[in-house]
Amino acid sequence: MMPAAPPRDRAALALAALLVLLAVASFATLDLQWSAFFAPEAAASTAEFLAGFAPPELAPAFLLRTLQATLETLAMSALGTLIAAGCGLALALPGAGRFGRLARVPTRIVLNVLRSIPELVWAALLLVAAGLGPLAGTLALAAHTSGVLGRLFADALENAPPQPEQALRTNGAGALAAFFYATLPLTLPQMLSYTLYRWENNIRAAAVLGVVGAGGLGQMLKYHLSLFQMPSAATAILATLLLVALVDALSFAVRRWLTR
Amino acid sequence: MSLLELRAVRKTYGGRTVLGGISHAFAAGEFAAIMGESGVGKSTLLNLIAGLDAPDSGAILFDGQDLGTLDDRAATLLRRRRMGFIFQAFHILPHLTLEQNVALPLLLNGLPLDAAAPMLEAVGLGGRGADFPRQLSGGEMQRVAIARALVHRPALVLADEPTGNLDPETAEHILTLLRSELRRNHACAVMVTHSHAAAEKADKTFVLGASGLQTG
């Protein structure tokens, strides 16, 4: 005989119904002009707008400028991630309670603050201090990513099995030697994997940061869009897509190799 | 003179007396097994002998030196230079090769690393120095652990249930190997075990109980 079906959770059903009701109410309060959105004129103007992007600008001089901007975006993301990995590891050690509980709590708060502020807000703040250009973008990426990687690294250190390090300490290894020979190598593949994943994210973020004047492909894109130079904007968008795809593939391959 | 001497060693945890005034002397080169029921304080005794914990009263003398007079750094140095450890769960570092694992005590002591390969050969793993622990069976891992515990020629080896994770046949091989390597290195060993078969391999067997350390 089949076992009896589990009783339905009335509270979960009521919550789901409430969420549906809230979603419907949200749409009802907005002035969404669905008829204008689906009107033939809207479709035609959208098609006209999109057609303006073709063909992309392929003049050699412009392609060279695009390549320079691409490299600038790549450098911003790579350097920002590298700085973040260093700062993240430095903050992860006290964040994982390696210097006592007194240091753990404030470090965790610092990490929370760093990652709670989005890259765009960091960039807006740092543009004032570092001026327009890739330096502000790099520092913005580094600040936000330090918070993210610091938290992930601290969790990895806390979750690492303690026995190998304890065994080395028992064998007479100093605290530093035990950490470097046991816990760090055990967590390093995971930390590198996190860093590469964040680098993928930072490539995309670096392109967006350019829009607020932090250099690279984003700045180029914003410039040409504001002048309605759609073919040039299309080239910048294609370059961004290509860069993201390349870094994604590279990062995926390295992460697969690290966790094989 | 004895290598290791326990003088009325007493240890309590949360008001419960775990070790109630234990006295005994272990000679250099002696292989002693300590048996006893779970919770009787066998591992606590090993921790006290290793200087990882301090007795509430009494003294532990290693080569005439009272461990209670050593600070944390001095106790760490003593363990590094004069003691070797074998654990039930092996605790071989997975990211290092077998030779690198065995060489760790040499590295920590600033000794030449070329003693690692002959030591691996002595425990029957010659030519496998470049292998990684994931390629080994439990018995082979414990061979590596024995090599690591003895490679720096310690005066005292402390073994906590060294055959606890092994089948009887492998355990027999490992203990025979441990005994011969202890002899070859003229090292004293204190082994904590639940196994009568393991204890029979030792020179002397003791039973730890409420009345202290009794000859088994």
Side-chain angles (χ1 to χ4, degrees), chain A residues 85 88-89 92-94 96-104 149 152-197 253-260, chain B residues 43 46-53 62 70 72-97 100-111 132-134 141 144-145 147-152 154-160 162 165:
Chain A
L89 185 59
L93 293 171
R98 295 220 152 232
F99 302 119
R101 189 168 169 73
L102 210 62
R104 184 182 183 276
L149 288 181
L152 291 170
F153 289 177
D155 287 352
L157 289 174
E158 278 188 336
N159 294 332
Q163 296 90 349
E165 189 172 328
Q166 279 167 6
L168 275 186
R169 292 285 285 146
T170 304
N171 273 295
L176 210 61
F179 173 73
F180 278 111
Y181 280 109
T183 305
L184 188 63
L186 285 173
T187 50
L188 206 55
Q190 201 179 2
M191 289 185 187
L192 283 172
S193 180
Y194 286 145
T195 305
L196 286 167
Y197 179 66
V254 176
R255 280 190 286 121
R256 279 287 295 271
W257 178 74
L258 282 171
T259 53
R260 73 195 190 283
Chain B
S43 295
L46 277 195
N47 284 343
L48 294 175
I49 292 172
L52 293 165
D53 202 353
F62 180 82
L70 302 178
D72 194 37
R73 185 178 154 72
T76 299
L77 276 176
L78 180 74
R79 283 199 302 277
R80 184 187 303 173
R81 290 174 182 159
R82 309 283 321 269
M83 296 184 191
F85 296 85
I86 303 171
F87 308 93
Q88 179 176 354
F90 322 128
H91 294 320
I92 304 296
L93 296 179
H95 51 278
L96 298 184
T97 64
Q100 286 168 340
N101 265 289
V102 174
L104 262 178
L106 300 170
L107 191 76
L108 292 172
N109 282 299
L111 297 170
F132 281 90
R134 62 176 174 270
M141 289 239 234
V144 177
R148 185 181 61 182
L150 287 161
V151 73
H152 57 302
L156 176 65
V157 173
L158 298 174
D160 191 357
N165 280 355

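Everything numeric in this text was worked out from a predicted model, so none of it was measured. Chain naming here is simple, since letters A, B, ... match the order of the sequence lines and numbering starts at 1 in each.
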CG/N171(A) to CG/L108(B) distance, rounded to the nearest 0.5 angstrom? 8.0 Å

For L93(B) against P164(A), the heavy-atom pair lying closest together: CD2-CB, 3.6 Å

Side chain, backbone, both or neither: which part of A177(A) has an atom under 4.5 Å from a heavy atom of chain B? side chain

Using non-hydrogen atoms only, which part of L188(A) is less than 4.5 Å away from chain B: side chain, backbone, both, or neither? neither

Correct closest heavy-atom pair for P94(B) and L186(A) would be CG-CD2, 3.5 Å

What do you reckon, is OH of Y181(A) surrounded by more than 12 foreign heavy atoms closer than 6.0 Å? no

Should we say atom CZ of R81(B) is surrounded by more than 12 heavy atoms from elsewhere, each under 6.0 Å from it? no

Between H91(B) and the options Q163(A), Q166(A), E165(A), the side-chain contact (heavy atoms from CB on, under 4.5 Å) test singles out Q163(A)

Tell me, out of R148(B), R73(B), H95(B), who's got the most heavy-atom pairs with chain A below 4.5 Å. H95(B)

Where on L104(B) is there a heavy atom nearer than 4.5 Å to chain A: the side chain, the backbone, both, or neither? side chain

Per-residue contact mode, P154(B) against chain A (heavy atom under 4.5 angstrom): neither

Within this structure, what is the CG-OG1 distance for the pair L158(B) and T170(A), rounded to the nearest 0.5 Å? 10.0 Å

Please classify the contact between F85(B) and chain A as side chain, backbone, both or neither, with a heavy-atom cut-off of under 4.5 Å. both

Does OH belonging to Y197(A) count more than 12 external heavy atoms closer than 6.0 Å? no

